[in-house]
2 protein chains.
Amino acid sequence: MSNAKVLPLLEPELVEPCCPPLTERPLTADEADRTAKMFKALGDPVRLRLFSAVASHEGGEACVCDISDVGVSQPTVSHHLKKLKEAGLLSSERRGTWVYYRVEPSVLAAMGQLLTKAAAA
Amino acid sequence: MSNAKVLPLLEPELVEPCCPPLTERPLTADEADRTAKMFKALGDPVRLRLFSAVASHEGGEACVCDISDVGVSQPTVSHHLKKLKEAGLLSSERRGTWVYYRVEPSVLAAMGQLLTKAAAA
DNA sequence: CGTCTATGTTGACACACGTCGAATCAACAG
DNA sequence: CTGTTGATTCGACGTGTGTCAACATAGACG
């Protein structure tokens with residue numbers, strides 16, 4: 001692969017207010033496709049534990065070494081963290097030896113509002 | 001099957017406040033397992049569209065025939081509705097010729113609070 | 001440089017999942 | 001009772017997903 005600068009198109013999908021309220025009108029295929037990706041990311045027990053571990057850690061960020069005790073091998077932990085990052089729920093940053101993962105509060109808020117608004121209707 | 005009254009144990013799992021806030025503490029394996037089931041149910045585009053169609057329908061209930069236009073075959077629609085029902089997000093009732101599905105507001109509210117509380121922390 | 005620890009990546013495997021066609025069941029019309 | 005329409009169940013198929021062992025990469029520390 002070339003080492004040249006990649007196109008800006010390659011950056012992760014923007015964390016837009018992607019979530020039309022569930023009770024307002026039936027979701028379109030495209031809306032459902034985007035929204036389902038996030039729910040799917042949280043639809044695995046191991047990922048949910050990892051995400052909760054990061055979210056409940058001090059400052060909403062945690063080193064991988066602090067949250068790797070979820071009963072699966074280390075490569076599997078890395079795999080799930082990658083999935084969560086691809087879904088836009090986590091972001092990672094390398095600081096020296098360790099890699100830290102942080103939660104993406106805006107995405108969580110959007111998902112929460114999507115459900116609470118739905119429940120309130 | 002017998003027509004006698006079934007034991008109360010057979011009723012669907014109670015809609016308890018099953019959701020410890022995501023940022024309070026890391027979820028246990030059991031908590032994550034239960035919570036992930038609900039997110040997983042919403043993690044499929046077709047199911048999300050079906051759920052949204054029911055939730056946005058008048059009175060929060062809809063006949064299957066009204067929401068079957070999601071681009072998949074009718075058996076597949078039935079399959080997904082069953083999944084949503086098993087996850088506790090929908091309930092079904094037969095009225096004459098048609099079967100109506102309704103949303104379970106309390107479950108939605110619990111999931112929403114789980115996320116919004118997480119985002120607020 | 002070499003080595004050690006911490007993460008991420010690859011390849012492979014078993015299993016779960018979404019999908020459909022065909023068969024089946026449920027209610028209604030004749 | 002027979003036929004028709006709505007809805008679920010069954011059986012099968014292809015794909016996706018979670019998991020691991022093995023290997024590769026990135027810093028840190030002598």
Side-chain angles (χ1 to χ4, degrees), chain A residues 1 3 12 27 29 32-54 57 61-87 89-102, chain B residues 1 3 12 27 29 32-54 57 61-87 89-102:
Chain A
M1 305 72 168
N3 249 356
L27 262 54
D33 213 70
R34 260 181 299 136
T35 310
K37 278 190 173 66
M38 299 187 298
F39 282 112
K40 195 176 201 173
L42 260 44
D44 180 87
V46 174
R47 278 198 293 269
L48 206 47
R49 289 184 72 187
L50 287 172
F51 183 84
S52 168
V54 173
H57 215 262
E61 91 173 5
C63 162
V64 177
C65 56
D66 285 330
I67 60 177
S68 298
D69 197 13
V70 287
V72 295
S73 71
Q74 197 267 333
T76 303
V77 170
S78 190
H79 168 68
H80 284 305
L81 288 173
K82 185 180 182 182
K83 283 286 189 72
L84 287 168
K85 197 167 74 170
E86 287 174 354
L89 275 63
L90 293 179
S91 59
S92 67
E93 178 194 0
R94 170 158 231 136
R95 279 210 290 279
T97 307
W98 294 280
V99 176
Y100 291 82
Y101 280 81
R102 306 186 66 250
Chain B
M1 303 75 162
N3 250 356
L27 263 54
D33 212 71
R34 259 181 298 136
T35 309
K37 278 190 173 65
M38 299 186 298
F39 282 113
K40 194 176 200 173
L42 260 45
D44 180 88
V46 175
R47 278 199 292 271
L48 207 46
R49 289 185 72 186
L50 288 172
F51 184 84
S52 167
V54 173
H57 215 262
E61 92 173 4
C63 163
V64 178
C65 55
D66 286 329
I67 59 177
S68 299
D69 197 13
V70 287
V72 295
S73 72
Q74 207 263 339
T76 303
V77 170
S78 191
H79 168 70
H80 284 305
L81 288 173
K82 185 180 184 181
K83 282 286 188 71
L84 287 168
K85 197 166 73 171
E86 287 173 354
L89 274 63
L90 292 180
S91 60
S92 69
E93 179 193 0
R94 170 157 231 137
R95 278 208 291 280
T97 306
W98 295 281
V99 176
Y100 290 83
Y101 278 82
R102 305 186 66 251

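Chain naming here is simple, since letters A, B, ... match the order of the sequence lines and numbering starts at 1 in each. No experiment lies behind these values; they were computed from the predicted model shown.
- Taking the side chain as every heavy atom from C-beta outward, B:L50 and B:V54 never approach each other to under 4.5 Å.
- No contact: B:K85 has no heavy atom under 4.0 Å from any strand.
- Separating the CZ atom of A:F39 from the P atom of C:dC17 is a distance of 18 Å, rounded to the nearest angstrom.
- Counting only heavy atoms from C-beta on, B:R47 has its side chain closest to C:dG18 among D:dT19, C:dG18, C:dT9.
- Between B:H79 atom NE2 and D:dT9 atom P there is a gap of 11 Å when expressed in whole angstrom units.
- The side-chain heavy atoms of B:L84 and B:L42, taken from C-beta on, include a pair separated by under 4.5 Å.
- The side chain of B:Y101 approaches D:dT8 more closely than any other nucleotide in the set D:dT8, C:dA6, D:dT17.
- An OP1 or OP2 oxygen of C:dT7 is reached within less than 4.0 angstrom by a side-chain nitrogen or oxygen of A:W98.
- Atoms CG and NE2, from A:L48 and A:H80 in turn, are 11.5 Å apart once rounded to the nearest 0.5 Å.
- Considering every non-hydrogen atom in both B:H57 and B:A62, the closest pair reads CG-CB, 3.6 Å.
- Distance OH (A:Y100) to P (C:dT7): 9 Å, rounded to an integer number of Å.
- Residue A:T97 places no side-chain N or O under 4.0 Å from the OP1 or OP2 atom of D:dG27.
- If you measure from atom CG of A:L81 to atom C1' of D:dT19, you get 15 Å, rounded to the nearest angstrom.
- Here D:dT9 is the nucleotide among D:dG18, D:dT9, C:dT7 with the atom lying nearest to any side-chain atom of B:P75.
- Annotation: of the two residues near DNA chain D, A:R95 and B:R94, the 5′-most nearest-nucleotide partner is B:R94.
- Listed nucleotides: C:dC20, C:dG18, C:dT7. Nearest to the side chain of A:V99: C:dT7.
- If you take CZ of B:R49 and C1' of C:dT19, they are 16 Å apart, rounded to a whole angstrom.
- For B:T76, counting side-chain heavy atoms from C-beta on, the closest listed nucleotide (C:dC20, D:dA7, D:dA26) is C:dC20.
- In this model, the phosphate group of D:dT19 is approached by a side-chain N or O of A:H80 to a distance below 4.0 Å at OP1 or OP2.
- When side chains are defined from C-beta on, B:L81 counts as touching B:I67, because their heavy atoms get closer than 4.5 Å.
- Checking C:dG18, C:dA27, D:dT9 against the side-chain heavy atoms of B:S78 singles out D:dT9 as nearest.
- The distance between atom CD of B:E86 and atom P of D:dT9, rounded to the nearest whole Å, is 9 Å.
- Residue B:K83 has no polar side-chain atom (N or O) positioned under 4.0 Å from OP1 or OP2 of C:dC17.
- Distances from the side chain of A:V72 to the nucleotides D:dG18, C:dG8, D:dC20 place D:dC20 closest.
- Put simply, CG on B:L84 is 13 Å from C1' on C:dG18, counting in whole angstrom units.
- The interatomic distance linking B:Q74 (CD) with D:dA7 (P) rounds to 6 Å, in whole Å.
- Residue A:V77 is out of contact with every strand shown, counting any heavy-atom pair closer than 4.0 Å.
- Atom NZ of A:K82 sits about 13.0 Å away from atom CZ of A:R47, to the nearest 0.5 Å.
- Relative to the side chain of B:C63, the nucleotides D:dG27, D:dA7, C:dT19 differ in distance, and D:dA7 lies closest.
- Proximity of B:K82 to the phosphate of D:dT9: a side-chain N or O atom is located under 4.0 Å from OP1 or OP2.
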